[in-house]
Q: 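Quick one: the structure is below, and I'll ask about it shortly.
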Amino acid sequence: MEKTWRWFGPKDPITLDMLRQIGVEGIVTALHHIPNGEVWSYHEVMKMKTFIEDHGLRWSVVESLPVSESIKYGGADRDELIEKYKVSLTNLGKAGVKTICYNFMPVLDWARTDLTYPNPDGTSNLYFSRAEFAYFDIHILNRKGAEKDYDADTLARVEELGKQMDEEGRRRLVDNIIVKTQGFVNGNISEDDLQPVEKFRELLALYDGIDAAQLRANMAYFLSAIMPVCDEYDINMCVHPDDPPLQILGLPRIVTCDADIQAFLDAVPNPHNGLTFCAGSLSAGAHNDVQQLARKYASRTHFVHARICRVMPGGDFKESTHLDPRLIDVIATFERERPGVPMRVDHAPLMLGDEKMGYNAGYSFHGRMLALGEVSGIMAAVNALNK
Ligand code: DNO
C-alpha cells in the first residue's frame, strides 16, 4: 500500500518536511478553508497540489470533499449542490487528484465521548462510552423518546452518571461529542458556535421523516449523478463507514455493516463507486468481522484507514494498538490484494508531549508516527514472507 498521512494544510504544526523524514509517501488532505457546498476552483486545487509537490510529496487522497447536508436529506437545493460537487470533482480530476473520500452520515461525522482516556502506560486514547453518549442524548440534548433507544443496563449506568455529573462534565461531553471532533473535519459545528446544542437540535430536525430507505435512495441519487464525471476523469469515490457503525440519535445510518456496504455498491454498480475501508470504524460494531469484510471488499476499496477498536461489554469501545492481530490480518489482505492502494494510519494515542501541542483529536504526531512504523513493519513482513 502507499503510505499516506492526513495533513491539515499549511497551518498544520506537523510540516511536510517532517513527514518526508518518517517515510510518508503521499498526502491526504482537503481544502479546509473552503466552506461546505462551495466549489473547489482549479486554481485552489492546483495551489495545494503544487505546495505538496514542492515538498517532494504527492497529493494522493482528498479527505473529504464534503457532501452537504441537503444532498443527504434531499433538500430543495440538492441538485444545485450536486452540480457544484461535480465542478469540484472535475477540477480535481483535471489536476490529477483522483481518490476522493466522503461520508454519508447525517449531521455527526464521527462520535467519541472522551478524547484523552488515560492508558496505564501514561499515553491516552479516544474512547466511546455508551452511557456517556446516552446521557448526552437523554439529558443534554433532551431528545424526545431517546430512552427507548437504550437497553436497561445502559439506562442504569446513565442514572449512576447523573448522580456525579456536574456542569463541567456536561460541558465536556458537549465539547467532545459535537464540537472538538467536528470543526476540523469541516463538520457542522465549529469552536466559534456559541449555542452548539441548539444548533445541533436544528440539524437533527432536518432528518425528521427521513428513514434509512430514503437516505439510501438519496445516496444512490447523488452517486448516479456524479458517476459520469468520475468515469471521465477516472476518479474513485470512497465512502467512509459510519463511525461508530450503529444507529445513533434517532438518525438513519446506512454504512454500518456487510449488508449496507453491499447495498450501496449494488445500487450504483460502477467500479468508481467504492469504499474507504476504515477498519477502526467497522470494528467499533461487535456485529462486524473486519477481517472477513476486508477480504470481501478489497477489490472495491480505494483507500484504507489503518486502526482498530476493541469493543467492551456494554458497548463501550476504545482504539486498540495498531499491532492488534485483527489489524495485522486486514493489512496483510490489502497489501497482498491491493498493493498500491493509499493507506493512512488513523487515531493514534497522545504520547511523549503530543498532549501539549493542540493537535486535532486523534491526529497526534508521535502516536501516529509510532503507528506508521508499526504498520510499515507489518507490510514489510507480509512482503518478505510472500517471497
Ligand atoms: C475522523 C475521520 C472522519 C472522516 C470523514 C470522511 O477522524 O475518519 O472525519 O474523515 O468521515 O468523510
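Because the structure is predicted, anything quoted here is derived from the model rather than measured. One-based numbering, in listed order, for ligands and for the atoms of each.
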Q: For ligand 1, indicate whether the residue R6 contacts it via side chain, backbone, both or neither (heavy-atom separation under 4.0 Å).
A: side chain

Q: Taking only heavy atoms of Y102 into account, list the atoms of ligand 1 that are under 4.0 Å away from them.
A: 12 (O)

Q: Please check if any side-chain donor atom of D149 sits under 3.5 Å from a side-chain acceptor atom of Q247, or the reverse.
A: no

Q: Between N103 and ligand 1, which residue portion shows a heavy-atom distance shorter than 4.0 Å: side chain, backbone, both, or neither?
A: both

Q: Nearest protein heavy atom to atom 4 (C) of ligand 1, by residue and atom, and its distance?
A: E63 OE2, 3.4 Å

Q: Compute whether any side-chain donor of one residue and acceptor of the other, for Y135 and R170, lie under 3.5 angstrom apart.
A: yes

Q: Where does C101 meet ligand 1, judged by heavy-atom distances below 4.0 Å: at the side chain, the backbone, both, or neither?
A: side chain

Q: What atoms of ligand 1 come closer than 4.0 angstrom to any heavy atom of M105?
A: 11 (O)

Q: Is K180 paired with E191 through a side-chain N to carboxylate O contact shorter than 4.0 Å?
A: no

Q: What I want to find out is whether R157 reaches E160 closely enough, with some N-O distance under 4.0 Å, to be called a salt bridge.
A: no

Q: Run the numbers for me: atoms of ligand 1, each under 4.0 Å from some heavy atom of H347, listed by number.
A: 1 (C), 7 (O)

Q: Please check if any side-chain donor atom of T50 sits under 3.5 Å from a side-chain acceptor atom of D54, or the reverse.
A: no

Q: Which of the atoms of ligand 1 are close to H240, meaning less than 4.0 Å from one of its heavy atoms?
A: 4 (C), 6 (C), 8 (O), 11 (O)

Q: Looking at Y363, which atoms of ligand 1 are within less than 4.0 Å of one of its heavy atoms?
A: 1 (C), 2 (C), 7 (O), 8 (O)

Q: If we only count heavy atoms from C-beta on, is the K3 to R344 side-chain gap below 4.5 Å?
A: no

Q: Heavy-atom contacts with D109 under 4.0 Å: which atoms of ligand 1 show up? List them by number with element.
A: 3 (C), 4 (C), 5 (C), 9 (O), 11 (O)

Q: Between V39 and W59, is there shared hydrophobic-cluster membership here, with clusters defined by ILVMFWY side-chain heavy atoms closer than 4.5 Å?
A: no

Q: Is the gap between the ring centers of F334 and F277 under 6.0 Å?
A: yes

Q: Among all the protein's non-hydrogen atoms, which is closest to atom 12 (O) of ligand 1, and how far away is it?
A: S64 OG, 2.6 Å

